[in-house]
S.K.: 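Submitted below is the structure of interest, expressed as C-alpha cells.
Index from 1, following the sequence.
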Amino acid sequence: MPYRNFITEVLSAHADQLLNKTNRNPDYVRLFPNHRDLPSLLSLATHVKSALEPVAPAATFTDRLHADLLAVAQSRQQQRSSGSLMTFPFVISSIVGGLFALLGVFFFVRYRFRQKTTS
C-alpha cells in the first residue's frame with residue numbers, strides 16, 4: 001500500500017475510534033514504528049477532535065433543505081422527460097434520412113450498372 005493511502009487509512013481508523021469513543025484504542029505508533037510522521041498526525045487528530053463541538057442543524061433548516069432537494073429532483077425529472085420527447089422526432093427523422101440515403105445509393109448503383117451494360 002502506498003504511504004499516502006496507509007496514513008489516510010490509519011488516520012481514518014483513529015478518527016472513527018475518537019468519534020465512537022471506544023476504549024480499544026490500539027497504539028498505532030507501536031504497530032507501525034517505521035512511520036515517523038504517524039505520532040504527530042495522531043496527536044493533531046486528537047487535538048482537533050477535542051477542539052470541535054458537536055453541531056446539530058435546526059429542524060427548520062433540515063425541513064427546508066429536504067423540500068428544496070425534492071423540488072430540484074422533480075424539476076430535473078421533468079426536464080429529462082421533456083428532453084426524451086424532444087429526441088423522438090430527431091430519431092424518426094434520422095431513420096427516414098438514412099433510408100433516403102440508402103435508396104439514393106441503390107438507385108445510383110443501379111443507374112451505373114445499367115450504363116455499363118448498355119455501352
Side-chain angles (χ1 to χ4, degrees):
M1 177 183 320
Y3 180 73
R4 187 174 186 178
N5 291 343
F6 168 77
I7 291 294
T8 303
E9 292 296 322
V10 171
L11 288 175
S12 176
H14 181 67
D16 287 343
Q17 289 174 351
L18 288 174
L19 287 174
N20 295 333
K21 299 178 182 176
T22 57
N23 292 334
R24 299 179 310 137
N25 192 5
D27 191 4
Y28 292 113
V29 177
R30 271 193 271 147
L31 285 173
F32 309 107
N34 296 335
H35 299 280
R36 294 189 177 119
D37 296 339
L38 196 55
S40 60
L41 291 172
L42 292 173
S43 174
L44 178 65
T46 304
H47 288 312
V48 167
K49 168 64 174 117
S50 65
L52 295 176
E53 295 179 16
V55 176
T60 56
F61 172 77
T62 55
D63 292 342
R64 192 170 129 229
L65 179 63
H66 181 71
D68 290 346
L69 289 173
L70 285 176
V72 169
Q74 288 174 350
S75 69
R76 284 188 181 177
Q77 188 175 17
Q78 288 174 353
Q79 287 175 353
R80 285 187 187 137
S81 64
S82 67
S84 65
L85 291 177
M86 293 293 290
T87 59
F88 184 71
F90 294 120
V91 170
I92 295 298
S93 62
S94 299
I95 291 171
V96 170
L99 288 175
F100 279 128
L102 286 174
L103 282 172
V105 168
F106 171 74
F107 285 118
F108 178 75
V109 169
R110 186 174 143 197
Y111 172 75
R112 295 293 277 179
F113 181 72
R114 282 187 180 176
Q115 239 181 7
K116 286 184 181 180
T117 57
T118 58
S119 47

S.K.: Apply the side chain to side chain contact (heavy atoms under 4.5 Å, CB included) test between H14 and each candidate in T46, L41, L19; give the one that qualifies.
M.R.: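 Running side chain to side chain contact (heavy atoms under 4.5 Å, CB included) over T46, L41, L19 with H14 returns exactly one hit, T46.
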S.K.: Would you give the length of the straight line joining atom NE2 of H47 to atom CG of L52, rounded to the nearest 0.5 angstrom?
M.R.: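 Going from the NE2 atom of H47 to the CG atom of L52 covers 13.0 Å.
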S.K.: D68 and V72: side-chain contact (heavy atoms from CB on, under 4.5 Å), yes or no, with the steps?
M.R.: CA-CA 6 Å; D68 290 346; V72 169; 5.5 Å; no
S.K.: Looking at CZ of R64 and OG1 of T60, how far apart are the two atoms once the value is rounded to the nearest 0.5 Å?
M.R.: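 R64 atom CZ to T60 atom OG1 measures 8.5 Å (nearest 0.5 Å).
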S.K.: For the atom pair CZ (F107) and CZ (R114), what is the distance rounded to the nearest 0.5 Å?
M.R.: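 Going from CZ on F107 over to CZ on R114, the span is 9.5 Å.
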S.K.: What distance separates L44 CG from L11 CG, expressed to the nearest 0.5 Å?
M.R.: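 Going from CG on L44 over to CG on L11, the span is 9.0 Å.
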S.K.: Heavy atoms only: give me the nearest L18-A45 pair and the separation to one decimal.
M.R.: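 Minimum heavy-atom separation between L18 and A45: CD1-O, 4.0 Å.
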S.K.: Mind checking what makes side chain to side chain contact (heavy atoms under 4.5 Å, CB included) contact with S12, not counting sequence neighbours?
M.R.: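 If we apply the side chain to side chain contact (heavy atoms under 4.5 Å, CB included) test to S12, skipping adjacent residues, the hits are D16.
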S.K.: Please tell me whether F108 and F100 are part of a single hydrophobic cluster in this structure, the criterion being side-chain heavy atoms less than 4.5 Å apart.
M.R.: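 The answer is no; the residues belong to distinct hydrophobic clusters.
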